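This is a predicted model, so every value here is computed, not measured.
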Amino acid sequence: MMQKDGCGQAGWPSQPRDIDEFVSDMLRKGDELYRDLPWRNVDDPYAVLVSEIMLQQTQVSRVGRFWERFLSAFPTLDALAAAAVPDVLELWQGLGYNRRALALKRTADQCAAEGEGRLPETCEGLLALPGIGPATAAGVVAFAYQRPAVYLETNVRSVFLHELFPAEEAVSDKVLLPLVEAAAFHPVAAADPRRWYYGLLDYGAYLKATVPNPSRRSSGHTRQSAFEGSRRQKRAWITRRVLAAPEGVRRAVVLADLNKAELAAARPEVDAELFASIIADLLTEGFFREEAGLLIP
DNA sequence: TTCCAGAGCG
DNA sequence: CGCTCGGGAA
């Protein structure tokens with residue numbers, strides 16, 4: 001879009017480079033670094049959603065195999081809605097963040113019940129579903145529906161920080177969002193949202209492999225706590241243990257087995273209070289249920 | 001050690 | 001906002 005008054009387009013900084021040049025440069029970089037990933041140029045919104053959920057905080061290299069297995073087991077939203085939770089969780093094992101599997105399953109349930117087995121076509125509609133936040137909703141809109149959207153995730157963030165804030169520290173998303181929006185709705189980018197964001201993702205991934213992670217200069221950037229010995233390592237272990245017992249298993253047995261594993265790994269024993277707290281969380285979140293003293297998947 | 005196509009909760 | 005949530009590759 002041409003600038004109307006010489007003050008720059010709304011939401012775009014008037015300083016170093018104008019938006020036309022930025023969009024054009026990024027498209028060129030993106031085409032040059034294009035990665036032909038299995039979930040790209042796929043029209044099925046459900047298949048795109050599954051990829052977006054799996055890719056939340058999860059590296060691309062890990063997702064490929066899981067995405068294909070998941071879609072072949074649950075090819076449609078209705079198929080996922082008809083599936084049993086333990087089967088969904090079982091397929092998710094090894095991918096991480098098991099909550100995502102539960103949320104995806106609930107999304108399928110809701111769409112099957114209220115949406116005639118179809119996903120909403122707007123960001124607002126998608127945002128109302130469990131496990132779908134601003135980034136995932138925008139990803140589905142851009143990649144499945146081919147409509148411009150504000151898709152701000154770590155690779156896109158890295159590109160904007162690297163290109164437009166090369167020296168600043170602690171840049172907030174509040175500053176970045178209007179820029180991401182202005183660029184996405186720029187006519188040249190908006191003409192092909194898939195191409196626009198595939199390019200930003202690929203360029204962002206390239207940057208992380210070649211320069212210090214630009215996203216470290218995001219104000220929201222935090223480092224994760226260690227996984228080894230953590231509560232969530234125990235959560236994951238317990239989830240697997242219960243999944244392995246289709247007929248159910250007593251708490252005491254799970255705790256004893258868990259402590260065997262902890263001992264074998266040279267970690268301290270898990271006390272009853274911590275164990276009960278983790279079980280309570282997992283029950284509340286719907287990983288399994290408890291009936292007659294048995295934990296049942 | 002670091003961080004990953006984030007979301008949901010208090 | 002700050003915290004939690006998996007698991008592996010580099």
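- Two residues, A/L127 and A/N155, neighbour DNA chain B, and the one matched to the more 5' nucleotide by heavy-atom proximity is A/N155.
- As rounded to whole Å, 16 Å separates atom C1' of B/dA5 from atom CG of A/D36.
- Between the CG atom of A/L126 and the C1' atom of B/dG8 there is a distance of 17 Å, given to the nearest Å.
- Straight-line distance between the P atoms of C/dA10 and B/dA5: roughly 13 Å, to the nearest whole Å.
- Considering only residues two or more places apart in sequence or on other chains, A/R235 meets the side-chain hydrogen bond (donor to acceptor under 3.5 Å, both in side chains) condition with A/E285.
- A salt bridge between A/D109 and A/K105 is present, with a side-chain N of the basic residue lying under 4.0 Å from a carboxylate O of the acidic one.
- Projected onto DNA chain B by closest heavy-atom contact, A/L37 and A/L129 fall at different nucleotides, the more 5' of which corresponds to A/L37.
- Within 4.0 Å of A/Y151, counting heavy atoms only, lies at least one base atom of the nucleic acid.
- Within 4.0 Å of A/S51, counting heavy atoms only, lies no atom of the nucleic acid at all.
- Ring to ring, A/Y97 and A/W92 are not that close: their centroids are 6.0 angstrom or more apart.
- Across the protein-nucleic acid pair, A/L49 atom CG and B/dG6 atom P stand 14 Å apart, rounded to whole Å.
- Using a 4.0 Å heavy-atom cutoff across all strands shown, A/G131 reaches sugar-phosphate atoms only and no base atom.
- We find that CE of A/M54 is positioned 16 Å from P of B/dA7, with the value rounded to whole Å.
- Atom CZ in A/F66 sits about 16 Å away from atom C1' in B/dA5, given to the nearest Å.
- Regarding A/H221, its NE2 atom lies at a distance of 17 Å from the P atom of B/dT1, rounded to whole Å.
- What separates CZ of A/R157 from C1' of B/dC3 is a distance of 13 Å, to the nearest Å.
- Among residue pairs with one or both ends in residues 161-182 of chain A, none qualify as ring pair (Phe, Tyr, Trp, His ring centres under 6.0 Å); sequence neighbours excluded.
- Across all strands, A/R216 comes closer than 4.0 Å only to sugar-phosphate atoms, never to a base (heavy-atom distances).
- For the ring pair (Phe, Tyr, Trp, His ring centres under 6.0 Å) condition, no pair includes a residue of residues 254-297 of chain A, sequence neighbours left out.
- With sequence neighbours excluded, no residue forms a salt bridge (charged side-chain N to carboxylate O under 4.0 Å, His left out) with A/R217.
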| request: Would you mind building the protein contact string for nucleotides 2-10 of chain C? One character per nucleotide, 5' to 3', B for base within reach (heavy atoms under 4.0 Å), S for sugar-phosphate only, - for untouched. | output: --BBBBB--
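- No engagement by A/L104 is indicated, since no non-hydrogen atom pair under 4.0 Å with the nucleic acid exists.
- The CZ atom of A/R35 sits 7 Å away from the P atom of B/dA5 (whole-angstrom rounding).
- Side-chain N/O atoms of A/K208 include one lying less than 4.0 angstrom from OP1 or OP2 on B/dC4.
- Partners of A/Y206 by ring pair (Phe, Tyr, Trp, His ring centres under 6.0 Å), not counting sequence neighbours: none found.
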